[in-house]
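Start at 1 and go down the list; that is how both ligands and their atoms are numbered. All values derive from a computational prediction rather than experimental measurement.
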Amino acid sequence: MSSAPIGVFDSGVGGLTIVREIQRRLPGESVIYIGDTANCPYGNRSTTEIHQLARQMVMRLQRHGVKMVVIACNTISVNCIGELRAEFPNLSMVGTAPAVKLASSVSKSRRIGVLSTIATANSAYQAMLVEQFASDCKVVNIGTNELVPRIERGAWSTELPDVLPDVLAPFREAEVDALVLGCTHYPLLRNEISQILGPGVAVLDSGEAIARQVGRVLESNGLLNTSGEPPTYRYLTTAESPALTNVLERLGIPQTVTL
Ligand code: DGL
């Protein structure tokens, strides 16, 4: 069992930013990744739709014999991780949530930004995070559907430079000193975002914390790969992805692409 892969999924290629952190922290572990390219984006869908699509993805990963599941998507995690955990009680799940606590801990100005999808920005879960960890901060909460489809099309240099400054304008106007990337696609744009916001703004995500949590869950369940077998990596998508190879390269992820 311990040599079985960790199953990771997202609506598309964004969750690969989490895969990279898992591979860094747990280099002996095999990973199977599935991006639901056929149904991406999830960020402007209803909670019911997000839940139904996510359930199908967990079932797919189960068919691949995974030992645990990482929901590498804020939109899914904040909207329905509770329901998914209840539906798959024998499968350990780690989810992703915007790094509001981290931003609150680094912000000196007490003005922070959260950039996510619309479904995450409007979620009760995110409101709870803000209430719990950043109640003394001014929080600029922006949900957008402008970035994910462009990332999925691989439109790095053609379309993104036009939309990114507008998307980030509210954070500049509010002079935040910490920005949470509350969508796993957005760390793919970290350099471009940092360039626009300038060196005084900490650009934060939850990838490292998730990889740490995955390690803890594997350890406490006796599921770490102790077989000595070398890890294998598979990256699957539910439809052809124009961005997959490029994103793997961008992230410096070891490649074994299976479509
Ligand atoms: N990458 C996802 C997230 O973290 C969702 C992107 C989408 O499908 O809208 O929220």
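Using a 4.0 Å cut-off between heavy atoms, T184 contacts ligand 1 through both its backbone and its side chain. Only the side chain of D10 comes within 4.0 Å of ligand 1, counting heavy atoms alone; its backbone N, CA, C and O stay farther away. For V148, every heavy-atom contact with ligand 1 shorter than 4.0 Å involves the side chain, none the backbone.
At a 4.0 Å cut-off, at least one heavy atom of C73 sits close enough to ligand 1 to count as contact.
Between the side chain of D205 and the backbone N or O of L181, no donor-acceptor pair lies under 3.5 Å.
Among protein heavy atoms, atom 10 (O) of ligand 1 sits closest to T75 OG1, 2.5 Å. The nearest protein atom to atom 9 (O) of ligand 1, hydrogens excluded, is given as G43 N, 2.8 Å; this is a heavy-atom distance. The closest protein non-hydrogen atom to atom 6 (C) of ligand 1 is S11 OG, 3.4 Å.
Listed by number with element, the atoms of ligand 1 under 4.0 angstrom from any heavy atom of T117 are 6 (C), 9 (O), 10 (O). Set against the non-hydrogen atoms of Y42, the atoms of ligand 1 under 4.0 Å away are 7 (C), 8 (O), 9 (O).
The closest side-chain donor-acceptor pair between S241 and T37, if any, does not fall under 3.5 angstrom.
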Is there a side-chain contact (heavy atoms from CB on, under 4.5 Å) between T120 and Y125 once you walk through the steps?
-> CA-CA 8 Å; T120 299; Y125 194 102; over 6 Å; no

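Scanning both residues, T117 and C183, for their nearest heavy atoms gives CG2-SG, 4.0 Å.
The shortest distance between side-chain heavy atoms of T75 and R45 does not fall below 4.5 Å. Taking the side chain as every heavy atom from C-beta outward, V163 and T144 never approach each other to under 4.5 Å.
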